[in-house]
Amino acid sequence: MIKINTAEAKARLSHYLERVEGGETVVVCRRNVPVAEIRPLPKRPRERRPVGIDRGMTIPPSFFDPLPDDLLDAFEGASASE
């Protein structure tokens, strides 16, 4: 961990960002009192996650059956008294 004051941060920000990219953490201080921390972001996964079904999850065939009329009416705003 590197501690720097704000004047140093302003003067050499690109230098400290390179260090952060290398995995270091920089604590920015005002009058030697820590006020902020600059740290590397987590690495993004290199492999794209599949969209949709979770591992091992299966969809039952009944999922594709038509919905009952009363449920469709409820989605369309029709009341049960009509």
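Remember, predicted model here, so these are calculated numbers, not experimental data. Both backbone and side-chain heavy atoms feed into the values below; hydrogens, waters and symmetry mates do not.
Under the side chain to side chain donor-acceptor pair (under 3.5 Å) criterion, D70 pairs with no residue, sequence neighbours left out. Looking at residues two or more places apart in sequence or on another chain, you find a side-chain contact (heavy atoms from CB on, under 4.5 Å) between I2 and I4, Y16, R19, E24, V26. Under the side-chain contact (heavy atoms from CB on, under 4.5 Å) criterion, P34 pairs with V27, C29, not counting sequence neighbours.
Put simply, CZ on F64 and CD1 on I59 are 5.0 Å apart, with the number rounded to the nearest 0.5 Å. One distance of note links OG1 of T25 with NZ of K3; it measures 12.5 Å at 0.5 Å rounding. Atom CZ of residue R12 and atom CG of residue L17 lie 12.0 Å apart, to the nearest 0.5 angstrom.
In terms of heavy atoms, R39 sits closest to V20 at C-CG1, 3.6 Å.
The backbone N or O of N32 lies less than 3.5 Å from a partner atom in the side chain of N5, making a donor-acceptor pair.
Atom CG of D65 has more than 12 neighbouring heavy atoms from other residues, nucleotides or ligands inside a 6.0 Å radius.
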For this session: Give the C-alpha distance, both sets of side-chain angles, the deciding distance and a yes or no for side chain to side chain contact (heavy atoms under 4.5 Å, CB included) between I38 and V28.
Result: CA-CA 8 Å; I38 305 172; V28 181; 4.0 Å; yes
